[in-house]
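Data block below; observations after.
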Amino acid sequence: MRAIVVVLLAVTSVAVLAKDPYGEDCRYQQYPPTGATFRGSVPDYIINLDLPPRERWVQLAHEKKDELKTIVEHIKKVMIVFFPSGKLLHLLESKMAWLGSTLPYPFNEEIEGIAHAAEVGLGDIVVFNVFYEIFTVCTSIIAEDKAGKLYHARNLDFGLFLGWDIKNSSWIVTQILKPLMVSLDFQRNNKTVFRSANLAGYVGMVSGIRPGIFTLTMNERFSIDGGYIGVFEWIFGKRDGWWMGFLTRSVLENSTSYEEAKDRLTNARLLAPAYFILAGNQSGQGSVITRSRTAALDVWNLNASFGTWYVLETNYDRWKVPLAVDDRRTPAMKCMNRTMQQNVSLPALYNVLSTKPILNKLTVSTTLMEVSEGRIETYLRDCPDPCSPW
Ligand SMILES: *[C@@H]1O[C@H](CO)[C@@H](O)[C@H](O)[C@H]1NC(C)=O
Ligand SMILES: *[C@@H]1O[C@H](CO)[C@@H](O)[C@H](O)[C@H]1NC(C)=O
Ligand SMILES: *[C@@H]1O[C@H](CO)[C@@H](O)[C@H](O)[C@H]1NC(C)=O
Ligand SMILES: *[C@@H]1O[C@H](CO)[C@@H](O)[C@H](O)[C@H]1NC(C)=O
Ligand SMILES: *[C@@H]1O[C@H](CO)[C@@H](O)[C@H](O)[C@H]1NC(C)=O
Ligand SMILES: *[C@@H]1O[C@H](CO)[C@@H](O)[C@H](O)[C@H]1NC(C)=O
Ligand SMILES: *[C@@H]1O[C@H](CO)[C@@H](O)[C@H](O)[C@H]1NC(C)=O
């Protein structure tokens, strides 16, 4: 965790020196995805919830084991920079395996199953799950069209500051994560319960849909007060909060209405701050929930009849000015305003999310969701130069 603080400080100082010459005019006609910003589609897998947790991810983990090993090796290389003593790293790994055993059911057993099937150390998969919760920066949008239909889309940006590849002009982690992106269909009794866009190896959720009922995305909220103290408390035995990605998974798996989902996301105790972006299946059911560990600081609702026909979240509280060097919010709002409510559609949201710097060097994928038809589409992205590093 200390490593993360150091990294973030380093970043802030680099960021202050940088300019933002990377913006561009709102993009149009990017959908269906083609061209230099489209890296490819993602494979589909079924996760059978009727199986014991250890067996659910076996096929996926087995097929993605080389890609998982690559990312795990890279995370270790990064950690060696911060913990140069191999002994310490070894100790940390065994601690991480132990941490895995403290995670709640079914996540503990699912992670064990993944480590076994991918032939990777248990501690390494735990590290991957924890890292993933901490290093995700994103843009999420919910919009309502004139007919009251709801659309929800997000860019998943990941790999911040874990190493820059000069030759490819890209973040190393962002590159090696792309082959891990998958589209998942969670089933009970051979029927879809929910679907998600996920990285293989991660058992939490950052983007998902319960067809006909709600759509949900989660964004990182960097907050000094509270920060990751909850994670330390967990390690030292005080385990009364939810890991953020486990809460979203649990909501997608077990909540059966927008109201129930909203209530849980608003009130559950968390280990770290987060933004939850939740949309239902009818007019007005859309909100950005800004969370501290213990409370909802703000719930920003759609209200189309009074002009709020979209809500949008990057990684800043809406009542605060974004970091000048990382302002994806203003360009995203500008492009949404230009789109206008009568033109809202999944392709229109894809256009907004294809505009730099909303699309940037960290962008792994774009996910589009439409609740009433139960549609979820995920596309891998590239951001050719000139392109903002974040
Ligand atoms: C960098 O680019 C080269 C050639 O285009 C490719 O072979 C290599 O895999 C890339 N590295 C990463 C980390 O994507
Ligand atoms: C699901 O479908 C498979 C065949 O397609 C069948 O063998 C299995 O019994 C079904 N499972 C349930 C729980 O209905
Ligand atoms: C969903 O509910 C079922 C039944 O209560 C429970 O077994 C399962 O663990 C829950 N899933 C999650 C992810 O919390
Ligand atoms: C919307 O969700 C509710 C549950 O919150 C469900 O009862 C209803 O059937 C859904 N409506 C549509 C049109 O799917
Ligand atoms: C929508 O906005 C109006 C005017 O500000 C307000 O009176 C109303 O309560 C809002 N509705 C919702 C659902 O927030
Ligand atoms: C977008 O439109 C809203 C509502 O009219 C306005 O408050 C906001 O300042 C606009 N933002 C940008 C970046 O144009
Ligand atoms: C949006 O819709 C309006 C009227 O329906 C149309 O004139 C305009 O060209 C559309 N804009 C875009 C960007 O599609």
Side-chain angles (χ1 to χ4, degrees), residues 44-60 100-114 125-126 129 132-133 142 144-152 184-199 201-218 234 239-271 274 276-287 289 301-302 304 369-376:
D44 294 305
Y45 287 87
I46 291 172
I47 305 296
N48 182 354
L49 294 169
D50 294 322
L51 291 174
R54 280 191 183 80
E55 293 167 27
R56 292 174 184 168
W57 301 88
V58 165
Q59 186 204 352
L60 173 57
S101 72
T102 70
L103 297 177
Y105 177 92
F107 307 106
N108 52 354
E109 297 190 4
E110 289 187 3
I111 287 175
E112 277 172 34
I114 291 170
I125 295 291
V126 175
N129 275 265
Y132 190 57
E133 294 231 348
I142 297 172
E144 179 174 327
D145 72 9
K146 288 281 190 192
K149 208 167 164 185
L150 291 164
Y151 303 87
H152 190 160
L184 302 178
D185 185 343
F186 290 78
Q187 301 188 345
R188 276 191 205 116
N189 298 320
N190 288 343
K191 281 210 209 78
T192 297
V193 178
F194 69 100
R195 298 172 70 197
S196 79
N198 253 62
L199 289 172
Y202 179 63
V203 298
M205 296 293 133
V206 294
S207 321
I209 180 169
R210 189 139 175 142
I213 306 199
F214 62 80
T215 53
L216 172 61
T217 59
M218 175 178 79
W234 185 283
R239 303 193 182 124
D240 58 354
W242 280 91
W243 293 80
M244 297 78 75
F246 294 170
L247 177 63
T248 47
R249 159 86 184 268
S250 174
V251 164
L252 280 160
E253 194 169 311
N254 285 335
S255 296
T256 53
S257 71
Y258 171 76
E259 286 79 12
E260 184 190 340
K262 191 172 177 184
D263 181 59
R264 290 189 67 192
L265 296 167
T266 306
N267 297 313
R269 205 184 151 80
L270 297 176
L271 291 192
F276 297 119
I277 301 93
L278 175 73
N281 63 13
Q282 45 202 285
S283 174
Q285 291 188 333
S287 51
I289 302 165
N301 290 313
L302 278 180
M369 298 185 279
E370 196 285 301
V371 71
S372 63
E373 290 162 33
R375 248 169 101 184
I376 175 168

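First listed ligand is number 1; within each ligand, the first listed atom is number 1. In what follows, every heavy atom counts, from backbone to side chain, and hydrogens, waters and symmetry copies are set aside. All residue numbers in this chain count up from 1 along the given sequence.
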Open item on the list: Any heavy-atom pair between the side chains of K262 and S287 that's under 4.5 Å?
Closed with: yes
Nearest-neighbour protein heavy atom for [atom], which is reported as residue plus atom name and distance:
| atom | result |
| --- | --- |
| atom 9 (O) of ligand 3 | P106 CD, 3.9 Å |
| atom 5 (O) of ligand 2 | N190 ND2, 4.4 Å |
| atom 13 (C) of ligand 3 | E253 OE1, 3.5 Å |
| atom 14 (O) of ligand 4 | G212 O, 3.3 Å |
| atom 7 (O) of ligand 3 | Y105 CE2, 4.9 Å |

Notebook entry, point to check: Does an N or O from R188, backbone or side chain, lie closer than 3.5 Å to an N or O of ligand 3?
Noted result: no
For N254 and ligand 3, does the shortest N/O to N/O distance drop below 3.5 Å? yes
Any ion pair linking E373 and K149 (charged N to carboxylate O, less than 4.0 Å)? yes
Side chains of [X] and [Y]: is there a donor and an acceptor less than 3.5 Å apart?
| X | Y | result |
| --- | --- | --- |
| T192 | D185 | yes |
| R264 | S250 | yes |
| S372 | E370 | yes |

N281 heavy atoms within 4.0 Å reach ligand 4 at atoms 1 (C), 2 (O), 3 (C), 8 (C), 10 (C), 11 (N), 12 (C), 14 (O)
S257 heavy atoms within 4.0 Å reach ligand 4 at atoms 4 (C), 5 (O)
Note: ligand 2 atoms sitting under 4.0 Å from heavy atoms of N189 are 13 (C)
Rounded to the nearest 0.5 Å, what separation is found between the [atom1] atom of [X] and the [atom2] atom of [Y]?
| X | Y | atom1 | atom2 | answer |
| --- | --- | --- | --- | --- |
| E55 | E109 | CD | CD | 10.5 Å |
| L265 | L270 | CG | CG | 8.5 Å |
| L51 | Q187 | CG | CD | 11.0 Å |

| task | Return a yes/no value: protein heavy atom under 4.0 Å from atom 11 (N) of ligand 2? | result | yes
Got a protein heavy atom sitting under 4.0 Å from atom 2 (O) of ligand 2? yes
